[in-house]
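In what follows, chains carry the letters A, B, and so on, assigned in the order in which the sequence lines appear, proteins first and then strands, with residues in each chain numbered from 1. Hydrogens, waters and symmetry mates play no part in the numbers below; they use all other heavy atoms, side chains included. Please read these numbers as outputs of a predicted model, since none were measured by experiment.
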There are 2 protein chains.
Amino acid sequence: MIGTKGDYGVRALIDLAMYGGDGPVQRAEIARRQHVPEAYLDHLLAQLRRAGLIRSTRGPSGGHELARDAKEITLLQVLETLEGSLAPLPCLEDHDGEGTVCAQQWVWREIYDDMRVRLGAVSLQNLADRERERLLQTALSYSI
Amino acid sequence: MIGTKGDYGVRALIDLAMYGGDGPVQRAEIARRQHVPEAYLDHLLAQLRRAGLIRSTRGPSGGHELARDAKEITLLQVLETLEGSLAPLPCLEDHDGEGTVCAQQWVWREIYDDMRVRLGAVSLQNLADRERERLLQTALSYSI
DNA sequence: ATGATGTTGACCGGAATAGTCGTGAATTAC
DNA sequence: GTAATTCACGACTATTCCGGTCAACATCAT
């Protein structure tokens with residue numbers, strides 16, 4: 001359901017949330033820190049920009065930064081931007097094609113709604129905090 | 001997440017639950033009633049048989065029937081046999097490959113667990129009842 | 001200008017999905 | 001026993017999606 005795309009994208013945004021305090025962050029930095037192929041990251045950043053989640057400036061000392069406060073960007077927004085509708089069945093949310101498929105829609109509807117609520121409740125700020133925490137932990141475990 | 005495979009399979013089983021009262025139901029019948037390509041249905045029935053969800057007998061007046069009571073087969077079981085693990089992220093449930101992916105596991109864990117609970121709470125019996133209801137409705141709307 | 005950087009879209013290989021087909025094996029009816 | 005019916009299994013194909021690369025172009029700072 002969620003591939004590397006969504007995961008990479010979220011990582012990238014977390015990176016911006018963490019290191020974007022003073023000026024834009026370069027692709028190369030993000031790629032290195034988050035272990036994302038730089039060439040691929042390109043696509044993801046492009047999508048995120050088109051969706052208005054980040055702002056990019058070019059030229060030397062250019063780079064990318066969050067377009068809004070990290071508290072105002074939810075996991076749901078990010079994933080729907082990158083992965084499209086997260087609907088587990090084609091008949092939910094895709095109103096264009098009248099598919100013949102989908103008995104049991106109502107179960108999936110409940111699941112889907114629950115999922116969106118949960119994902120919508122998590123902000124980039126939350127994720128960045130967790131990540132900072134995690135880095136601290138692993139750093140400690142090495143130093144012991 | 002769920003493709004035609006899972007949907008077709010569930011349909012087929014609902015068909016068995018509905019029309020399997022007296023003796024086995026033939027592939028061709030299922031295919032016709034549920035609008036599933038017969039050749040493809042073959043594969044699905046094979047998987048369902050291997051998983052012990054149905055029993056098949058050949059020869060004239062052979063066919064397929066549920067191996068257990070329709071109340072004892074859940075939507076979760078069916079979908080997991082046909083579609084594999086329903087985990088939305090590779091790092092949930094797939095313990096073999098230590099993926100580098102997956103920040104935000106905990107959110108997904110909650111979503112995944114919720115999903116499994118809901119899907120596990122729905123039996124083929126439930127679905128068959130709903131389907132009977134639905135058929136009745138559409139039949140009525142035509143007769144008006 | 002020029003070089004560093006971002007922007008875009010074309011392209012590719014592999015895997016999974018969605019099917020089809022042909023052949024064989026079991027069971028029943030005659 | 002033979003024919004008819006129905007499932008059983010595997011090989012094969014087509015299409016789509018995904019992860020990822022690449023090369024050409026645009027733009028900005030200096």
Trainee: Show your working on salt bridge (Lys or Arg N to Asp or Glu O under 4.0 Å) between B:Asp15 and B:Arg11 and close with a plain yes or no.
Mentor: CA-CA 6 Å; B:Asp15 199 86; B:Arg11 279 170 132 70; over 6 Å; no

Trainee: How close or far is atom C1' of D:dC18 from atom CD of A:Glu83, stated in whole angstroms?
Mentor: 10 Å

Trainee: With distance as the sole test, does B:Asn126 use its side chain to make a donor-acceptor pair with the main-chain N or O of B:Ser123 at under 3.5 Å?
Mentor: yes

Trainee: With a 4.0 Å cutoff (strictly under), does any side-chain N or O of B:Arg49 reach OP1 or OP2 of D:dC9?
Mentor: yes

Trainee: Suppose we screen for side-chain contact (heavy atoms from CB on, under 4.5 Å). Which residues come up paired with A:Glu29, at least two apart in sequence or across chains?
Mentor: A:Val25, A:Gln26, A:Arg32, A:Arg33

Trainee: How many whole angstroms separate atom CD of B:Gln47 from atom P of D:dC9?
Mentor: 12 Å

Trainee: Pick out the pairs of N or O atoms, protein on one side and nucleotides 27-30 of chain D on the other, that lie under 3.5 Å.
Mentor:
from   : atom 1 : to      : atom 2 : distance (Å)
D:dT27 : O4'    : A:Arg58 : NH1    : 3.4

Trainee: Report yes or no: do B:Leu124 and B:Leu135 belong to one cluster of Ile/Leu/Val/Met/Phe/Trp/Tyr joined by side chain heavy-atom distances under 4.5 Å?
Mentor: yes

Trainee: When you compare the side chain of A:Leu13 with that of A:Leu127, does any pair of heavy atoms fall below 4.5 Å?
Mentor: no

Trainee: In whole Å, I'd like the distance from the CG atom of B:Leu48 to the P atom of D:dC7.
Mentor: 14 Å

Trainee: In whole Å, what is the span from the CD1 atom of A:Ile2 to the C1' atom of D:dG19?
Mentor: 15 Å

Trainee: Could you walk me through whether B:Lys5 and B:Glu83 pass salt bridge (Lys or Arg N to Asp or Glu O under 4.0 Å), step by step?
Mentor: CA-CA 7 Å; B:Lys5 200 172 176 181; B:Glu83 306 261 0; over 6 Å; no

Trainee: Mind checking what makes side-chain contact (heavy atoms from CB on, under 4.5 Å) contact with B:Arg130, not counting sequence neighbours?
Mentor: A:Trp106

Trainee: Show me the donor-acceptor pairs within less than 3.5 Å that the side chains of residues 36-45 of chain B make with the rest of the protein, sequence neighbours left out.
Mentor:
from    : atom 1 : to      : atom 2 : distance (Å)
B:Asp42 : OD1    : B:Arg27 : NH1    : 2.5
B:Asp42 : OD2    : B:Arg27 : NH1    : 3.2

Trainee: Identify each donor-acceptor pair in which a side-chain atom of residues 59-66 of chain B lies under 3.5 Å from a protein atom, sequence neighbours left out, and give them as a table.
Mentor:
from    : atom 1 : to      : atom 2 : distance (Å)
B:His64 : ND1    : B:Ser56 : OG     : 2.8
B:Glu65 : OE2    : B:Arg55 : NH1    : 3.4

Trainee: For DNA chain D, whose closest nucleotide is more 5', that of A:Lys5 or that of B:Arg27?
Mentor: B:Arg27

Trainee: Grab the CG-C1' distance between B:Leu45 and C:dG19 for me, whole Å please.
Mentor: 15 Å

Trainee: What's the CD1-C1' distance between A:Ile54 and C:dT5, to the nearest Å?
Mentor: 14 Å

Trainee: CZ of A:Arg55 versus C1' of C:dG6: gap in Å, rounded?
Mentor: 16 Å

Trainee: I need the residues from residues 31-43 of chain A with at least one non-hydrogen atom less than 4.0 Å from DNA chain D; give them sorted by number, or say none.
Mentor: A:Pro37, A:Ala39, A:Tyr40, A:His43

Trainee: D:dG19, OP1 or OP2 - any side-chain N/O from A:Thr4 closer than 4.0 Å?
Mentor: yes

Trainee: Given that A:His64 and B:Thr57 both sit by DNA chain C, which one's nearest nucleotide is further toward the 5' end?
Mentor: A:His64

Trainee: Whole angstrom is fine here: how far is it from CD in B:Glu29 over to P in D:dT5?
Mentor: 15 Å

Trainee: For C:dA18 and B:Tyr8 - does any side-chain N or O of the residue sit under 4.0 Å from the phosphate oxygens OP1/OP2?
Mentor: no

